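Reviewing the structure listed below.
Residue numbers start from 1 in every chain, and the chains themselves are labelled A, B, ... in the order their sequence lines are given, proteins ahead of strands. In this text, all values refer to a predicted model and were calculated from it rather than measured experimentally. What's counted below: heavy atoms across the whole structure, side chains too, no hydrogens, waters or symmetry copies.
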There are 2 protein chains.
Amino acid sequence: MTDTVKLSKGEKTAQRILDAAEPLFARHGFEGTSLRQITRSAGITEPGLYNHFSSKQELYAAVLERALKPMSTAMDEHLAQTPGLRVYTELPGLMTDILLQHPPIAALFQQALQGERESVGNQLMQQWLDRLVVQGGHSIEAMVGSTIEDRANLAIHVIAMFNLTTGYFLSQNLFAALAEGDILAAENIERQKRFLSKLFRAMLIVYE
Amino acid sequence: MTDTVKLSKGEKTAQRILDAAEPLFARHGFEGTSLRQITRSAGITEPGLYNHFSSKQELYAAVLERALKPMSTAMDEHLAQTPGLRVYTELPGLMTDILLQHPPIAALFQQALQGERESVGNQLMQQWLDRLVVQGGHSIEAMVGSTIEDRANLAIHVIAMFNLTTGYFLSQNLFAALAEGDILAAENIERQKRFLSKLFRAMLIVYE
DNA sequence: TAATTAAATTATCGACTGTTAATATAATTA
DNA sequence: TAATTATATTAACAGTCGATAATTTAATTA
């Protein structure tokens, strides 16, 4: 459909390894996931993995980068095309749509942020969210003056947006218990998007 | 100060084990934390742990229950004393204050929710948050009619509140990178509490 | 103080961890 | 097809995992 590029055998198994590793790292974290689990799920033997990734760390970084890519490009386009404050009111819905296509990566992102400050995961996530702060700072200052007076308040807003959007996908079990439904069902995704939209418009009205 | 109850030697080391285990489970999760790490940090040998907890699972449950207790009692009092919608506008600030006293437990709660649906962690968290849904449902319906029409929408609200409140404490590294400050500093906690208060009032205005 | 119980230790278990070496098989290029 | 490279395998490594048994030391109770 989208990409019918001819893949060599090695590239195909590398993809299979990434596909197998992604949900495992997302659910059990870096330390909680073993190469045995990954290679078993990918249908290869353990040392075979080292033909494609030179260590567990490097595999983890590759998983994370692949997962961040669609978020990153979608956000770039959105930031370039959308004027002013709509960046903030529409971005959560956009992120929700992307996360919906690969629900486990929400957990992957949160796991990545829990490690050491210098860890690969942390750094990748930080440089990604940093653009939101920079761009968002400009937009808001241009629109409503310096109401969001400093970087600290802006960071609090961006962090809240991130946690609200990804946190929804982390609450699958919780939602099933509280509402007896599937959080990924279309109707519930719509509910969440309406909720986010309302919430973020309300959030900005405070600063008008 | 608060409790000068005479503790037996065994009870004291049990406490020390819990104190050592809490931040480790919070940061590395259940599977990512080893009994070796815990006992080393608690200053005892590994088999000595089994004099106080019969397995890793049981220790984990004990850590989680102890961490949930102050949240649970504070929430009970709050629900009993606070009328109507103020339950929702003031609860996040209250939770923030409690989490501030033991910052690692925010991560502990999120980790607990990631496991299997039947896991101890998940069940403990669910029965705790379930009360919010039940009580909150009554309050809101009594105040503003059936505007929050069904359980699904209510669950979305409760989940958002939970993720916003705990997510702040999970974003320590992120905040340091984005705003070059300490997320636990009094001034930033105040910022977050003001933000949460505004946000939740705005959230409810939508339903008036 | 003596008896009893609680709490700690050392030694050890089989299973699992990430990783490497040596080697065989399959795919690609000459 | 032959040569070469890419990709897979089996075997083995030192270190760690959670847990148990047997035993010694310390604390509590009689």
Between P of C/dA7 and CZ of B/Arg16, the distance in whole Å = 12 Å
Are A/Gln114 and A/Asn122 linked by a side-chain donor-acceptor pair shorter than 3.5 Å?
-> no
For B/Glu58 and D/dA19, what is the distance between atoms CD and P respectively, to the nearest whole Å?
-> 11 Å
No-hydrogen, no-angle side-chain donor-acceptor test under 3.5 Å, A/Gln37 and A/Thr33 = no
Which of these nucleotides, D/dT20, C/dT19, C/dA8, is closest to any side-chain atom of A/Ser55?
-> C/dT19
d(CG, A/Leu35; C1', D/dC17) in whole Å | 15 Å
Would you mind classifying the nucleic acid contact of B/Ser54 as base, sugar-phosphate or nothing, using non-hydrogen atoms under 4.0 angstrom?
-> nothing
Nucleotide nearest B/Asn51 when distance is taken to its side chain, options D/dT7, C/dG18, C/dA7 = C/dA7
Starting at atom CZ of B/Arg40, determine the distance to atom C1' of D/dC17, rounded to an integer number of angstrom.
-> 13 Å
B/His52, nearest nucleotide to its side chain (from D/dG18, D/dT10, C/dA8) = C/dA8
First encountered from the 5' end of DNA chain C, between B/Thr13 and A/Gln37 | B/Thr13
Would you mind classifying the nucleic acid contact of B/Ser34 as base, sugar-phosphate or nothing, using non-hydrogen atoms under 4.0 angstrom?
-> sugar-phosphate
Strictly by modelled atom types, are B/Thr166 and B/Gln110 linked by a side-chain donor-acceptor pair under 3.5 Å?
-> yes
Which of parallel (below 30°), tilted (30 to 60°) and perpendicular (above 60°) describes B/Phe25 and B/Phe30?
-> parallel
Separation of atom CD1 in A/Ile17 from atom C1' in D/dA6, rounded to whole Å | 14 Å
Assign A/Thr39 to base, sugar-phosphate, or nothing according to its heavy-atom contacts below 4.0 angstrom with the strands shown.
-> nothing
Selected nucleotide, minimal atom distance to A/Tyr50 side chain, candidates C/dA11, C/dT20, D/dT16 = C/dT20
For the pair made of NZ in A/Lys12 and P in D/dA8, what is the distance, rounded to whole Å?
-> 11 Å
Indicate whether the side chain of B/Arg131 and that of B/Ser72 have a donor and an acceptor atom separated by less than 3.5 Å.
-> yes
Roughly, in whole Å, what's the span from CD in A/Glu46 to C1' in D/dA12?
-> 12 Å
Write down the distance between NZ (A/Lys56) and C1' (C/dT19), rounded to a whole number of angstrom.
-> 12 Å
Ignoring backbone atoms, test whether B/Arg36 places a side-chain nitrogen or oxygen under 4.0 Å from the OP1 or OP2 oxygen of D/dC17.
-> yes
